[in-house]
Novice: 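Following this message is one structure expressed as structure tokens.
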Amino acid sequence: MGPTARAQFVYNRRRRRSGGRHAVEEASDEEEQRQDSSSSSEDEEDEAEASGEEVADDDDDEEEEEEEEAAVEPAAEEDPAAAAAGEKRGGRKGRITISLKKVCKVCKRTGHEAGFKGAVYIDCPMKPCFLCKMPGHTTLTCPHRVAMEHGVIPAPRRNTNTSLDYVFQSQIKGKISMVKPKFLIPNQLESGNIKFHQRRVTCLEFHPTNNNVLLSGDKKGLLGVWDYVKLHEKITYDSVHSCILNSMKIDNANDGILYTASSDGTISCTDLDTGIGSPLLNLNPNGWNGPSSWRMIYGMDLNTDKGLILVADNFGFLYFLDRRSKTRIGHPILIHKKGSKVTTLHCSPARPEVLLSSGNDHYARIWDTRKLEANSPLASLAHGRVVNSGYFSPQSGNKILTTCQDNRIRVWDYIFGDLQSPSREIVHSHDFNRHLTPFKAEWDPKDYTETVAVVGRYISENYNGVALHPIDFIDTSSGKLLAEVMDPDITTISPVNKLHPRDDILATGSSRSIFIWKPKTEDELTEERTKQKAKEYVYGSGSQKKTNGKHDNSSDDDSDGDSGRKNKKAKKTRFTCTTKGKGKSKV
DNA sequence: ACCTCATGTCCCC
DNA sequence: TGGGGACCCTGAGG
């Protein structure tokens, strides 16, 4: 590639990135603004730009500079007026430099650009770190990303060696198996279901008894029932709800019945075989009267002991439903700030009368449902932002795991201990984005030690030139990343994840698609270990300790240019679900 | 290879 | 305290 060709390439690339917007700046050699910081008072932006570049171009200063020079020539060609002006001046001064300013699409300032460079996202230096939200560094240099593996860093453990800890230990010791079962990460893509749903998947649930059945809900309210072993056996019911399906629960006592909660303000109970449903609750009996009065249901859980369904709306109220009589019990109780959304409800698996709610008012709260009144929580757990979810640990119910929009996963080790502050805060990228289903870190229901949690990751990582958003397995007792699960075929973000209650299977909802993951077979693992050994032998030990062999984070291959993000050379999809067994509708 | 839009929360006025 | 504009890694459909 000759210099002119390269210049043109750089120019085109830049135009593409900045969406056609560009600023042409004229400057003579003497006035090179890079050098001249003292006389730049005429332009505030220049100052910001200079300081911005210092941060942003940390790693590839030279390259940027080269591009700047290279971009001069085509810029003059492209804009005749600028070129003419340049010539005029140039004639006078002898030589002229026209530099094409970079325009940042994030802050609209010039001098730097945010966006993907290959598979690596370059931050806007004017914004705080996208991962930990602290100013002074970018996501690429965030200590939470660099210091430990991929944005997961533990906060120091509190409440250690207290008497409560002792009680906790002795209390759960009888319940947990002494031999920790071998933990297998389902990191091998078993099957992908393309275009099963028409809109993004919002919730997933495994059938509690029928091992191979996965239930899924989407933004349109479509309910999917899918046997992922007999792939053709899939059914969709489109008239259960009219908009976002937020939560699904199956009663263990009657596992043919599915309860669903939706933003259409209804709770529905659907027969899984026939798809015939009946509404249990409708919070909008008078229909649409504008957004200020429309009630939506996000949080829902079952109290199987009492045959109750607990439901919470987007105005902060909790409702009780009797499962059998299908009637409301009592009056709604305000459990979160009035007018704020309750995001999840969870009844403790060990003590079903203990309820955990999380809400948009930046709190998660623990309640005793036997004596429930507004403003009477057993505890209020403060968070930095909106709490996406809060769950009791799956076995003892003694731990709490919350996901908050301040990019932190919080863990409380013992609910009867000091709840003032979490036992741990784990910085993890799961930002809010209006286009994504909120991320929810969930416990592995099979893990008797109650440590493993799964959560999708927002920011991407460069995996051999492809930007992928993995699904993280986190050890909540240390904050360490146990595994990151990804596949080159899945380039979309995966906010919805569900672990199978008994098998080592992970279901993922990513955009419109559903994926099933299984652990690698023993043969595959052996092969991988062999490769890993060979790699270590070649490169020396120490740096190669990733759980997933596919991944080489140090790779900074920009040869793909802009298209690096899209996986153009992705290997063939292992399985693509055809339109066979098209969905049927409710009668 | 563009453009448009859906749309929840934050933050500032 | 409330309304309105802004918004960083979206993704489907046109």
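Convention: sequence-line order gives letters A, B, ...; per-chain numbering from 1.
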Novice: To the nearest angstrom, how far is D431(A) atom CG from dC10(B) atom P?
Specialist: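 Rounded to whole Å, this separation is 11 Å.
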Novice: Between dT7(B), dG11(C), dC10(B), which nucleotide has the shortest distance from any of its atoms to the side chain of Q405(A)?
Specialist: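 Looking only at side-chain atoms, Q405(A) lies closest to dC10(B).
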Novice: To the nearest Å, how far apart are L436(A) CG and dC8(C) C1'?
Specialist: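 Between C1' of dC8(C) and CG of L436(A): 12 Å.
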Novice: Could you check how far CZ of R200(A) sits from P of dG11(C), rounded to whole Å?
Specialist: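 Answer to the nearest Å: 11 Å.
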Novice: Please give, in whole Å, the distance from dC10(B) C1' to D361(A) CG?
Specialist: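 Taking atom C1' of dC10(B) as the reference, CG of D361(A) is at 15 Å.
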Novice: Below 4.0 angstrom from OP1 or OP2 of dC9(C), is there any side-chain N or O of N433(A)?
Specialist: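 For dC9(C), OP1 or OP2 has a side-chain N or O of N433(A) closer than 4.0 Å.
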Novice: Which nucleotide in the list dA6(B), dC10(B), dC9(C) gets nearest to the side chain of K219(A)?
Specialist: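 Nearest to the side chain of K219(A) among the choices is dA6(B).
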Novice: Reckon N360(A) touches a base, only the sugar-phosphate, or nothing at all at heavy-atom distances under 4.0 Å?
Specialist: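 Here N360(A) touches the backbone only, sparing every base.
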Novice: Should the pair E442(A)-K498(A) be classified as a salt bridge under the 4.0 Å nitrogen-to-oxygen rule?
Specialist: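 Salt bridge flag = yes for K498(A) with E442(A).
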Novice: Output the single nucleotide from dC8(C), dT9(B), dG11(C) whose closest atom is nearest the side chain of F130(A).
Specialist: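 Of the options given, the side chain of F130(A) lies nearest dC8(C).
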Novice: When you get a sec, tell me which of dA12(C), dG8(B), dC8(C) is the closest nucleotide to the side chain of R199(A)?
Specialist: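 When the side chain of R199(A) is considered, dA12(C) is the closest of dA12(C), dG8(B), dC8(C).
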Novice: Can you figure out which of dC10(B), dG11(C), dC8(C) approaches the side chain of H362(A) most closely?
Specialist: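 Side chain of H362(A) sits closest to dC10(B).
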Novice: For a quick check of understanding: with a heavy-atom distance under 4.0 Å over all strands, which category does P128(A) fall into, base, sugar-phosphate or nothing?
Specialist: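 If one applies the 4.0 Å heavy-atom cut-off, P128(A) turns out to touch a base.
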Novice: About how many Å separate SG of C132(A) and CD of E425(A), when rounded to the nearest 0.5 Å?
Specialist: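 Nearest 0.5 Å value for the CD-SG distance: 12.0 Å.
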Novice: Going by side-chain hydrogen bond (donor to acceptor under 3.5 Å, both in side chains), name the residues that satisfy it together with Y319(A), two or more places apart in sequence or in a different chain.
Specialist: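 Listed in chain order: R295(A), D313(A).
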Novice: Round to a whole Å and report the spacing from CG of N407(A) to C1' of dC8(C).
Specialist: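 Answer to the nearest Å: 12 Å.
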Novice: Between S511(A) and dA12(C), is there a side-chain N or O to OP1/OP2 distance below 4.0 Å?
Specialist: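 S511(A) to dA12(C) OP1/OP2: side-chain N or O found under 4.0 Å.
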Novice: Can you tell which of dC9(C), dT7(B), dT10(C) lies closest to the side chain of R434(A)?
Specialist: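 The closest nucleotide is dT7(B).
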Novice: Run the numbers on R457(A) and D472(A) for salt bridge (Lys or Arg N to Asp or Glu O under 4.0 Å), then give the verdict.
Specialist: CA-CA 7 Å; R457(A) 197 192 302 171; D472(A) 292 328; 2.7 Å; yes
Novice: Send over the distance from F116(A) CZ to dG11(C) P, rounded to a whole Å.
Specialist: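 Answer to the nearest Å: 10 Å.
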Novice: Take I493(A) and K127(A), find for each the nucleotide of DNA chain C with the closest heavy atom, and name the residue whose nucleotide sits nearer the 5' end.
Specialist: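 Its nucleotide being nearer the 5' end, the pick is K127(A).
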Novice: Hey, does R385(A) reach any base, or is it just sugar-phosphate, or nothing, if we go heavy atoms under 4.0 Å?
Specialist: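 The answer is sugar-phosphate, as R385(A) gets under 4.0 Å only of primed atoms, P, OP1 or OP2.
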Novice: Report yes or no: is the cationic atom of K133(A) (NZ for Lys, CZ for Arg) under 6.0 Å from the centre of the six-membered ring of F130(A), at an angle within 45° of the ring normal?
Specialist: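 Judged by the rule (NZ or CZ under 6.0 Å from the ring centre, within 45° of its axis), K133(A) counts as positioned above F130(A).
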Novice: dG14(C) P sits how many Å from Q198(A) CD, rounded?
Specialist: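 In whole Å, dG14(C) P and Q198(A) CD are 11 Å from each other.
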Novice: Any side-chain N or O of K341(A) under 4.0 Å from OP1/OP2 of dT9(B)?
Specialist: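 Indeed, a polar side-chain atom of K341(A) lies that close.
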Novice: What I want to check is whether the side chains of N282(A) and T266(A) have a donor and an acceptor closer together than 3.5 Å.
Specialist: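 There is no such pair (donor and acceptor under 3.5 Å, judged by atom type) between the side chains of N282(A) and T266(A).
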Novice: Rounded to whole Å, how long is the line connecting atom CG of N246(A) with atom P of dT7(B)?
Specialist: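 From N246(A) CG to dT7(B) P: 13 Å.
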